Amino acid sequence: QKTWDANCTTPVPSEVPRCRALRIPLYAATGRRAEAERDLAAIVAEVHAGQPLVQIGGMMGNVGLASLYLMAMHDPHRAAPEIRASLDSVQWFGYDKLLNTAQGQKLPEEISGDGDWIAVWGDPQLKEFMDAYRANLARFRAGG
């Protein structure tokens with residue numbers, strides 16, 4: 001809250017889009033889910049209409065929406081179609097950030113058993129990424 005207040009209460013005009021996106025997890029974390037859903041719906045409509053999404057960490061477009069669905073709403077089912085949509089565009093970056101949780105890096109199946117969520121991570125377009133991710137995470141967990 002303090003970070004948002006310091007940067008977004010009276011934001012610099014160029015920061016307004018980022019502050020809009022940051023407000024969604026803040027609303028959700030403080031029990032204001034209806035407000036989070038309302039703001040998220042507006043951003044979803046904009047992204048689906050081709051407008052940019054400014055998000056922390058460089059995640060934009062559909063990957064950024066997937067991040068908001070996960071981070072703010074804890075909803076991998078709604079994140080999955082956004083990941084799938086990103087596979088057909090130039091939004092190849094950011095997938096690893098979608099697997100980062102408050103408890104550290106996780107495998108998709110450790111985050112949720114939702115069928116759509118699991119299926120999108122099995123997409124052939126993500127195979128090379130997921131093979132490397134699984135191998136690296138296994139090495140890390142083994143202490144290497």
Side-chain angles (χ1 to χ4, degrees), residues 1-138 140-141:
Q1 179 70 50
K2 289 180 184 178
T3 301
W4 193 89
D5 288 343
N7 295 290
C8 297
T9 301
T10 48
V12 180
S14 64
E15 291 298 313
V16 170
R18 184 180 319 276
C19 290
R20 281 183 65 213
L22 290 174
R23 187 173 53 212
I24 294 167
L26 182 59
Y27 280 158
T30 57
R32 298 165 65 184
R33 189 169 178 90
E35 291 166 282
E37 288 284 2
R38 181 200 64 223
D39 284 8
L40 181 54
I43 290 175
V44 167
E46 291 169 8
V47 170
H48 289 177
Q51 295 177 23
L53 167 65
V54 179
Q55 176 86 327
I56 285 184
M59 291 186 286
M60 298 180 280
N62 299 96
V63 175
L65 290 179
S67 172
L68 286 173
Y69 280 131
L70 286 169
M71 179 175 57
M73 310 314 287
H74 307 288
D75 192 344
H77 184 76
R78 289 194 292 173
E82 299 301 337
I83 297 168
R84 178 133 349 256
S86 75
L87 295 175
D88 296 325
S89 65
V90 204
Q91 302 174 45
W92 55 268
F93 54 88
Y95 297 113
D96 58 320
K97 295 172 186 168
L98 297 174
L99 299 172
N100 190 23
T101 71
Q103 293 77 38
Q105 293 294 123
K106 300 281 184 180
L107 295 170
E109 58 273 16
E110 293 171 335
I111 293 173
S112 174
D114 178 81
D116 290 340
W117 172 254
I118 297 298
V120 76
W121 292 105
D123 188 287
Q125 294 178 81
L126 285 175
K127 183 179 180 354
E128 185 177 350
F129 166 77
M130 286 307 300
D131 287 350
Y133 180 84
R134 286 179 185 282
N136 288 333
L137 187 58
F140 175 77
R141 289 177 174 176

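Source: prediction; values computed, not measured. Every heavy atom of this structure was used, including side-chain atoms; hydrogens, water molecules and symmetry mates were not.
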With side chains defined as the heavy atoms from C-beta onward, is the minimum distance between [X] and [Y] less than 4.5 Å?
X	Y	value
Y27	R38	yes
K106	S112	no
Y95	M130	no

Taking atom [atom1] of [X] and atom [atom2] of [Y], what is their separation to the nearest 0.5 Å?
X	Y	atom1	atom2	value
D116	R84	CG	CZ	8.0 Å
T30	R33	OG1	CZ	12.0 Å
I24	L40	CD1	CG	4.5 Å
Q125	I83	CD	CD1	12.5 Å
L126	S86	CG	OG	7.5 Å
D75	D114	CG	CG	8.0 Å

Closest contact, heavy atoms only, [X] versus [Y]:
X	Y	answer
V120	L87	CG2-CD1, 4.5 Å
K127	D131	NZ-OD2, 2.6 Å
L70	A79	CG-CB, 3.9 Å
I43	R20	CG1-NH2, 3.3 Å
L68	P25	CD2-CD, 4.1 Å
R141	Q105	NH2-O, 3.4 Å

Could you please spell out the steps behind the side chain to side chain contact (heavy atoms under 4.5 Å, CB included) verdict for V63 and K97?
CA-CA 9 Å; V63 175; K97 295 172 186 168; over 6 Å; no

A quick test of your reading: do over 12 heavy atoms of other residues, nucleotides or ligands sit less than 6.0 Å from CZ of F140?
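Count not over threshold, so no.
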
Salt-bridge test for E82 and R78: reply yes if a basic N is under 4.0 Å from a carboxylate O, no otherwise.
no

Taking only residues at least two apart or on different chains, which pairs with a member in residues 96-124 satisfy ring-ring contact (aromatic ring centres under 6.0 Å, His included)?
W117-W121

